[in-house]
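Down below is the structure, laid out as C-alpha coordinates.
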Amino acid sequence: MDSINCGTSWVWPINCAAPAPVPSPKGTRRTPIPPAFTGDVVGGDDDCAAAVPEDEAQRRAEQHLRLQESVRVEQQLTPKLLAAAGIPDHVAGLVAAVGVLEEAVASHGFPGVLHVAPHLAAAFANAQIVYRQGGQLLSPMGHRIACGAGYAALGQTIVATGPVTVHQGPVVITHGPDYPHRLSVAEREVLVTWECWAHAVTIGA
(Lines give C-alpha, C1' and ligand atoms only; values in the text may rest on other atoms or scores of the structure.)
Protein backbone atom coordinates (compact mmCIF):
# COMPACT_ATOMS: atom_id res chain seq x y z
CA MET A 1 0.00 0.00 0.00
CA ASP A 2 1.25 3.47 -0.88
CA SER A 3 -0.05 6.81 0.37
CA ILE A 4 -0.32 10.29 -1.09
CA ASN A 5 1.08 11.51 2.23
CA CYS A 6 4.41 9.70 1.85
CA GLY A 7 5.85 11.46 -1.18
CA THR A 8 8.92 13.57 -1.80
CA SER A 9 9.68 17.06 -0.48
CA TRP A 10 12.80 19.14 -0.92
CA VAL A 11 14.36 22.63 -0.95
CA TRP A 12 15.78 24.14 -4.14
CA PRO A 13 17.74 27.38 -4.61
CA ILE A 14 15.47 30.23 -5.65
CA ASN A 15 18.35 31.86 -7.54
CA CYS A 16 18.66 30.15 -10.91
CA ALA A 17 22.36 31.05 -11.02
CA ALA A 18 23.05 29.11 -7.83
CA PRO A 19 24.48 25.61 -8.27
CA ALA A 20 21.95 22.81 -8.09
CA PRO A 21 22.19 20.51 -5.07
CA VAL A 22 24.26 17.36 -5.63
CA PRO A 23 22.91 14.77 -5.41
CA SER A 24 19.51 16.08 -6.44
CA PRO A 25 16.87 15.64 -3.73
CA LYS A 26 14.11 15.35 -6.31
CA GLY A 27 12.49 11.98 -6.69
CA THR A 28 13.79 10.51 -3.42
CA ARG A 29 11.47 9.10 -0.77
CA ARG A 30 11.45 10.40 2.77
CA THR A 31 10.37 7.05 4.08
CA PRO A 32 10.13 3.47 2.81
CA ILE A 33 6.75 2.09 1.89
CA PRO A 34 5.53 -0.26 4.64
CA PRO A 35 5.69 -3.97 3.83
CA ALA A 36 2.71 -5.73 2.30
CA PHE A 37 -0.16 -5.93 4.76
CA THR A 38 -2.06 -9.13 5.45
CA GLY A 39 -5.48 -9.43 7.04
CA ASP A 40 -7.18 -11.95 9.29
CA VAL A 41 -10.59 -13.50 9.74
CA VAL A 42 -12.05 -12.52 13.11
CA GLY A 43 -15.09 -14.31 14.48
CA GLY A 44 -17.34 -14.97 17.42
CA ASP A 45 -19.57 -17.98 17.94
CA ASP A 46 -22.31 -19.47 20.07
CA ASP A 47 -22.38 -23.22 20.71
CA CYS A 48 -25.89 -23.87 21.95
CA ALA A 49 -28.55 -26.54 22.10
CA ALA A 50 -30.58 -27.14 18.98
CA ALA A 51 -33.69 -25.97 20.83
CA VAL A 52 -32.35 -22.38 20.84
CA PRO A 53 -33.76 -20.48 17.83
CA GLU A 54 -31.26 -19.63 15.11
CA ASP A 55 -31.95 -15.89 15.33
CA GLU A 56 -31.12 -15.90 19.06
CA ALA A 57 -27.94 -17.89 18.46
CA GLN A 58 -27.02 -15.45 15.71
CA ARG A 59 -27.49 -12.46 18.02
CA ARG A 60 -25.21 -14.09 20.59
CA ALA A 61 -22.50 -14.78 18.02
CA GLU A 62 -22.74 -11.24 16.65
CA GLN A 63 -22.52 -9.84 20.19
CA HIS A 64 -19.37 -11.86 20.90
CA LEU A 65 -17.81 -10.58 17.68
CA ARG A 66 -18.81 -7.00 18.49
CA LEU A 67 -17.24 -7.16 21.96
CA GLN A 68 -14.05 -8.99 21.03
CA GLU A 69 -13.24 -7.92 17.47
CA SER A 70 -10.99 -4.99 18.33
CA VAL A 71 -9.15 -7.03 20.97
CA ARG A 72 -8.46 -9.91 18.57
CA VAL A 73 -7.41 -7.53 15.80
CA GLU A 74 -4.95 -5.74 18.10
CA GLN A 75 -3.51 -9.05 19.29
CA GLN A 76 -2.82 -10.06 15.70
CA LEU A 77 -1.48 -6.59 14.87
CA THR A 78 1.04 -6.44 17.73
CA PRO A 79 3.77 -8.66 16.19
CA LYS A 80 3.28 -6.94 12.83
CA LEU A 81 3.85 -3.54 14.42
CA LEU A 82 6.98 -4.71 16.23
CA ALA A 83 8.38 -6.33 13.08
CA ALA A 84 7.74 -3.23 10.97
CA ALA A 85 9.30 -0.88 13.55
CA GLY A 86 12.51 -2.90 13.91
CA ILE A 87 14.87 -2.58 16.87
CA PRO A 88 13.38 -0.06 19.33
CA ASP A 89 15.22 2.81 20.95
CA HIS A 90 15.53 2.61 24.74
CA VAL A 91 14.76 5.51 27.07
CA ALA A 92 14.40 5.86 30.82
CA GLY A 93 10.80 7.03 31.17
CA LEU A 94 7.41 7.54 29.56
CA VAL A 95 7.76 11.28 28.94
CA ALA A 96 11.10 10.75 27.24
CA ALA A 97 9.64 7.91 25.17
CA VAL A 98 6.81 10.06 23.85
CA GLY A 99 9.25 12.88 23.13
CA VAL A 100 11.59 10.61 21.16
CA LEU A 101 8.71 9.21 19.09
CA GLU A 102 7.17 12.60 18.39
CA GLU A 103 10.51 14.01 17.26
CA ALA A 104 11.29 10.94 15.15
CA VAL A 105 8.12 11.33 13.08
CA ALA A 106 7.72 15.12 13.19
CA SER A 107 9.33 15.66 9.78
CA HIS A 108 6.43 13.90 8.07
CA GLY A 109 4.26 16.91 8.83
CA PHE A 110 1.12 15.17 10.05
CA PRO A 111 0.13 13.18 13.16
CA GLY A 112 -0.16 9.42 13.39
CA VAL A 113 -0.90 6.87 16.08
CA LEU A 114 0.93 5.75 19.22
CA HIS A 115 0.11 2.09 19.91
CA VAL A 116 0.32 1.51 23.66
CA ALA A 117 -0.28 -1.36 26.08
CA PRO A 118 -3.29 -0.70 28.33
CA HIS A 119 -1.28 -0.71 31.54
CA LEU A 120 0.45 2.50 30.40
CA ALA A 121 -2.81 4.47 30.21
CA ALA A 122 -2.58 5.39 33.89
CA ALA A 123 1.03 6.50 33.44
CA PHE A 124 0.03 8.78 30.55
CA ALA A 125 -2.65 10.37 32.71
CA ASN A 126 -0.33 10.71 35.70
CA ALA A 127 2.35 12.37 33.56
CA GLN A 128 -0.27 14.74 32.14
CA ILE A 129 0.81 14.10 28.56
CA VAL A 130 -2.53 12.90 27.24
CA TYR A 131 -5.40 15.07 26.09
CA ARG A 132 -8.96 14.15 25.20
CA GLN A 133 -10.55 15.51 22.04
CA GLY A 134 -14.01 14.12 21.51
CA GLY A 135 -13.65 10.35 21.77
CA GLN A 136 -9.90 10.32 21.10
CA LEU A 137 -6.85 10.49 23.35
CA LEU A 138 -4.06 12.63 21.91
CA SER A 139 -0.38 13.16 22.67
CA PRO A 140 1.07 16.69 23.08
CA MET A 141 1.74 16.93 19.31
CA GLY A 142 -1.63 15.51 18.31
CA HIS A 143 -0.86 11.83 17.70
CA ARG A 144 -3.77 9.56 18.54
CA ILE A 145 -3.02 7.30 21.51
CA ALA A 146 -4.42 3.80 21.03
CA CYS A 147 -4.34 2.04 24.42
CA GLY A 148 -5.93 -1.09 23.03
CA ALA A 149 -6.93 -3.98 25.24
CA GLY A 150 -5.27 -6.29 22.71
CA TYR A 151 -1.92 -4.49 22.92
CA ALA A 152 -0.85 -6.03 26.25
CA ALA A 153 1.99 -7.93 24.56
CA LEU A 154 3.66 -4.62 23.64
CA GLY A 155 4.72 -4.41 27.28
CA GLN A 156 6.89 -1.33 27.80
CA THR A 157 7.27 -0.70 24.07
CA ILE A 158 5.36 2.07 22.31
CA VAL A 159 5.06 1.89 18.52
CA ALA A 160 4.38 5.01 16.47
CA THR A 161 2.85 4.61 13.02
CA GLY A 162 1.28 6.85 10.45
CA PRO A 163 -2.51 7.15 10.35
CA VAL A 164 -4.27 3.79 10.61
CA THR A 165 -7.10 2.52 8.42
CA VAL A 166 -9.16 -0.53 9.36
CA HIS A 167 -10.71 -2.30 6.38
CA GLN A 168 -13.65 -4.55 7.36
CA GLY A 169 -15.57 -6.96 5.22
CA PRO A 170 -19.24 -7.78 5.79
CA VAL A 171 -20.20 -10.00 8.72
CA VAL A 172 -20.96 -13.53 7.51
CA ILE A 173 -23.28 -15.76 9.56
CA THR A 174 -23.17 -19.56 9.38
CA HIS A 175 -25.04 -22.21 11.36
CA GLY A 176 -23.74 -25.74 11.84
CA PRO A 177 -25.71 -28.98 12.19
CA ASP A 178 -28.48 -28.95 14.80
CA TYR A 179 -27.49 -32.06 16.76
CA PRO A 180 -26.29 -32.43 19.43
CA HIS A 181 -25.40 -28.72 19.44
CA ARG A 182 -25.56 -26.01 16.85
CA LEU A 183 -22.48 -23.86 16.31
CA SER A 184 -23.50 -20.42 15.07
CA VAL A 185 -20.62 -18.26 13.79
CA ALA A 186 -20.33 -14.54 13.01
CA GLU A 187 -17.10 -13.69 11.22
CA ARG A 188 -15.53 -11.25 8.83
CA GLU A 189 -12.24 -10.33 7.20
CA VAL A 190 -10.29 -7.46 8.75
CA LEU A 191 -7.21 -5.74 7.35
CA VAL A 192 -5.34 -3.02 9.26
CA THR A 193 -2.98 -0.72 7.34
CA TRP A 194 -0.99 2.35 8.27
CA GLU A 195 0.77 5.07 6.34
CA CYS A 196 4.41 5.93 5.92
CA TRP A 197 6.26 5.03 9.12
CA ALA A 198 6.68 2.65 12.04
CA HIS A 199 9.05 3.52 14.89
CA ALA A 200 9.35 1.96 18.35
CA VAL A 201 10.68 2.99 21.75
CA THR A 202 11.01 0.78 24.82
CA ILE A 203 10.78 2.32 28.28
CA GLY A 204 13.55 1.15 30.57
CA ALA A 205 17.21 1.97 30.04
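Along the sequence shown, the residues carry numbers beginning at 1. Since the structure is predicted, the reported quantities are computational estimates derived from the model, not experimental observations.
In plain terms, the two heavy atoms of Ala57 and Ser184 that are nearest each other are CB-OG, 3.3 Å. The two atoms that bring Pro19 and Pro13 nearest to each other are O-CG, 3.8 Å, heavy atoms only. Nearest heavy atom pair, residue Ala20 against residue Trp12, reads CB-CZ2, 3.5 Å. When every heavy atom of Phe37 is checked against every heavy atom of Leu191, the shortest pair comes out as CB-CD1, 3.8 Å. When every heavy atom of Trp194 is checked against every heavy atom of Gly162, the shortest pair comes out as CB-O, 3.8 Å. Closest approach of Gly204 and His90 over heavy atoms only: O-CD2, 3.6 Å.
Between atom NE2 of residue His115 and atom NZ of residue Lys80 there is a gap of 12.5 Å, rounded to the nearest 0.5 Å. Between His64 atom NE2 and Arg72 atom CZ the span is 12.0 Å, to the nearest 0.5 Å. Going from atom CG of Leu137 over to atom CD1 of Ile129 covers 11.5 Å, rounded to the nearest 0.5 Å. How far CD of Gln133 is from CG of Leu138: 5.0 Å, rounded to the nearest 0.5 Å. The line from CZ of Arg182 to CG of Asp45 is 13.0 Å long, rounded to the nearest 0.5 Å. Rounded to the nearest 0.5 Å, atoms OG1 (Thr174) and CD (Gln58) are 10.0 Å apart.
Residues Gln63 and Arg60 bring no donor and acceptor atom of their side chains to less than 3.5 Å of each other. In this structure, a donor-acceptor pair under 3.5 Å is present between the side chains of His119 and Gln156.
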**OP:** Please step through side chain to side chain contact (heavy atoms under 4.5 Å, CB included) for the pair Val185 and Val172, ending with a clear verdict.
**Re:** CA-CA 8 Å; Val185 176; Val172 177; over 6 Å; no

Original post:
Going through the checks in order, is the side chain to side chain contact (heavy atoms under 4.5 Å, CB included) test met by Leu65 and Val42?
Top reply: CA-CA 8 Å; Leu65 175 60; Val42 182; 4.0 Å; yes

Subject >> Worked check of side chain to side chain contact (heavy atoms under 4.5 Å, CB included) between Thr157 and Leu81 >> reply: CA-CA 11 Å; Thr157 298; Leu81 289 170; over 6 Å; no

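By the 30° and 60° cut-offs, the orientation of the rings of Phe110 relative to Trp197 is tilted.
Neither Val73 nor Val41 shares a network with the other; the hydrophobic side chains, linked directly or stepwise wherever heavy atoms of I, L, V, M, F, W or Y lie under 4.5 Å apart, form separate groups for each. Tyr151 and Val71 end up in different hydrophobic clusters when Ile, Leu, Val, Met, Phe, Trp and Tyr side chains are linked at under 4.5 Å.
Atom CD of Gln168 has more than 12 heavy atoms from other residues, nucleotides or ligands within 6.0 Å. Other residues, nucleotides and ligands place no more than 12 heavy atoms under 6.0 Å from the CD1 atom of Ile87.
Remark: of the listed residues Leu120, Ile145, Val100, Leu120 is the sole one forming a side chain to side chain contact (heavy atoms under 4.5 Å, CB included) with Ile158.
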